[in-house]
Amino acid sequence: MPVPAAGGQPSAARRFSHSPSRCCSAPAQNFADQGVRVRQGNFTDAAGLAHAFEDAAQVLVVSVDKMGEECVRQHRTAIEAAVTAGARRILYTSQMGAGATSRFQACRDHAATEEALRTCGVPFTSLRNGFHATSAAHFLGNAAQSGRLALPADGPVAWTAHADLADAAAAILADEGRFDGPTPPLTGRQALTFDDIAAITTELTGRTVTRTTAPDDQFRTQLTGQGVPAETADRLLGIFAASRAGEFAATDPTLADLLGRDPVTLRTVLREQLSES
């Protein structure tokens, strides 16, 4: 994943593509055309990653789109490759709520990865990102058209714009050592429930959206009936269980401080998503 170089130091953060099928995707090619060194890397190829990270002062490891042991194993491969390459700091995109006892599998995976970072022998920064706001839009589905939002019971979540988190990562890379270990939660200013999201959608569209609570078992059956694997359905339910336990409710001013402005609100993200659909 392309990341910006830090503080005018061209080797501070190395850009690489982790696609196994081709060397340069279109975005990566755009960087290459600007004179940025682009190298292929793959989370399952330790030697290839070490080559991709060669001469990098800092390495940003972006968490893979997987859960469970395979996810943690691939993260460990990237961490070991960064150490082998001689990086002086490793940064990692974690998540607020990361913990070994979290009700959400991804947060347990992040906790295991952070433990690997603590024992790798190189200083690290773990970016405790807020929950991506686009996930709220995904769960919203076609509720704006149907007028019904049926989801399991939930709790408040500090939904945060992905672009803001990318800008925060750039700022942290540019100010090396500003955070050692896990950051404070990098979140928007509000934690909202799906009751709130239904109300916002009603205001944005002018069509009433009613939020109803679907029992967990019913929601799981609905997902598996639509072809969602049972394991995936259970992991999605983990998001709601974790939110009910308050794991994603914290808000913190750190993201706004890094950005030098207020973070993008969930309302803005939903407005954009609804206009596109």
Side-chain angles (χ1 to χ4, degrees), residues 67 95-99 101-108 110 128-165 184-226 228 232-256 259 261-277:
M67 292 189 198
Q95 184 176 354
M96 67 181 306
T101 61
S102 172
R103 292 157 180 82
F104 182 34
Q105 177 68 55
C107 286
R108 298 196 295 274
H110 287 306
R128 289 282 185 88
N129 289 338
F131 216 103
H132 288 174
T134 50
S135 297
H138 176 78
F139 279 118
L140 188 63
N142 68 348
Q145 290 74 41
S146 69
R148 298 184 301 276
L149 180 61
L151 292 171
D154 67 308
V157 175
W159 305 102
T160 310
H162 187 274
D164 281 351
L165 295 171
L186 303 176
T187 70
R189 291 195 180 277
Q190 287 183 304
L192 303 173
T193 66
F194 277 105
D195 284 344
D196 300 320
I197 291 169
I200 291 170
T201 305
T202 296
E203 293 172 12
L204 291 175
T205 64
R207 297 186 293 273
T208 300
V209 175
T210 302
R211 160 75 159 111
T212 59
T213 300
D216 286 6
D217 288 346
Q218 177 184 318
F219 188 70
R220 185 182 188 278
T221 299
Q222 177 184 337
L223 290 175
T224 55
Q226 295 170 348
V228 176
T232 301
D234 288 337
R235 287 171 174 174
L236 286 172
L237 280 168
I239 296 173
F240 292 92
S243 71
R244 291 195 293 263
E247 294 184 26
F248 309 132
T251 61
D252 191 278
T254 300
L255 179 61
L259 299 175
R261 58 170 173 78
D262 280 343
V264 172
T265 65
L266 178 61
R267 177 185 293 271
T268 297
V269 173
L270 290 179
R271 182 187 295 115
E272 293 172 353
Q273 295 282 327
L274 290 168
S275 65
E276 291 175 2
S277 61

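In this chain, numbering begins with 1 at the start of the sequence shown.
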Strictly distance-based, threshold 3.5 Å: is any side-chain N or O of [X] a donor or acceptor partner for the main-chain N or O of [Y]?
X      : Y      : value
Ser243 : Gly155 : yes
Asp154 : Phe194 : yes
Arg267 : Leu204 : no
Thr201 : Ile197 : yes

Check [X] against [Y] and note the closest heavy-atom contact, atom names and distance.
X      : Y      : value
Gly188 : Leu255 : N-CD2, 4.3 Å
Asp252 : Pro185 : CB-O, 3.2 Å
Val209 : Ala143 : CG2-O, 3.7 Å
Ala98  : His110 : CB-CB, 3.8 Å
Ala144 : Arg207 : O-NE, 3.0 Å
Ala198 : Arg211 : CB-CB, 4.0 Å

Check whether any side-chain heavy atom of [X] lies under 4.5 Å from a side-chain heavy atom of [Y], and answer yes or no.
X      : Y      : value
Val269 : His162 : no
Phe219 : Leu237 : yes
Leu223 : Arg220 : no
Thr160 : Pro263 : no

Say you draw a straight line from [atom1] of [X] to [atom2] of [Y]; how long is it, rounded to the nearest 0.5 Å?
X      : Y      : atom1 : atom2 : answer
Leu236 : Ile239 : CG    : CD1   : 5.5 Å
Thr205 : Gln145 : OG1   : CD    : 8.5 Å
Thr193 : Leu151 : OG1   : CG    : 11.0 Å
Arg103 : Arg108 : CZ    : CZ    : 10.0 Å
Gln273 : Leu140 : CD    : CG    : 9.5 Å
Glu247 : Ser102 : CD    : OG    : 3.5 Å

Item to complete: State which residues pass side-chain contact (heavy atoms from CB on, under 4.5 Å) with Arg261; sequence neighbours excluded, sorted by chain then number.
Response: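 Expected list: Asp164, Asp167, Leu259, Val264.
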Discussion item. Can you tell me which residue among Val157, Thr187, Leu186, Thr251 is in a side-chain contact (heavy atoms from CB on, under 4.5 Å) with Met96?
Written reply: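 Running side-chain contact (heavy atoms from CB on, under 4.5 Å) over Val157, Thr187, Leu186, Thr251 with Met96 returns exactly one hit, Thr187.
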Discussion item. If you apply the rule side chain to side chain contact (heavy atoms under 4.5 Å, CB included), what do you find for Arg189 with Asp262, and how did you get there?
Written reply: CA-CA 8 Å; Arg189 291 195 180 277; Asp262 280 343; 2.8 Å; yes
Item to complete: Begin with the C-alpha distance, continue with both residues' side-chain angles, and end with the deciding distance and a verdict on side chain to side chain contact (heavy atoms under 4.5 Å, CB included) for Gln105 and Asp234.
Response: CA-CA 9 Å; Gln105 177 68 55; Asp234 288 337; over 6 Å; no
Discussion item. Could you work out, with ring-ring contact (aromatic ring centres under 6.0 Å, His included) as the rule, every residue matching Phe131, not counting sequence neighbours?
Written reply: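 Phe131 satisfies ring-ring contact (aromatic ring centres under 6.0 Å, His included) with Trp159, Phe248 once adjacent residues are dropped.
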Fill in: Within 6.0 angstrom of Gln190 CD, more than 12 heavy atoms from elsewhere
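Not buried by this count: 12 neighbours or fewer within 6.0 Å.
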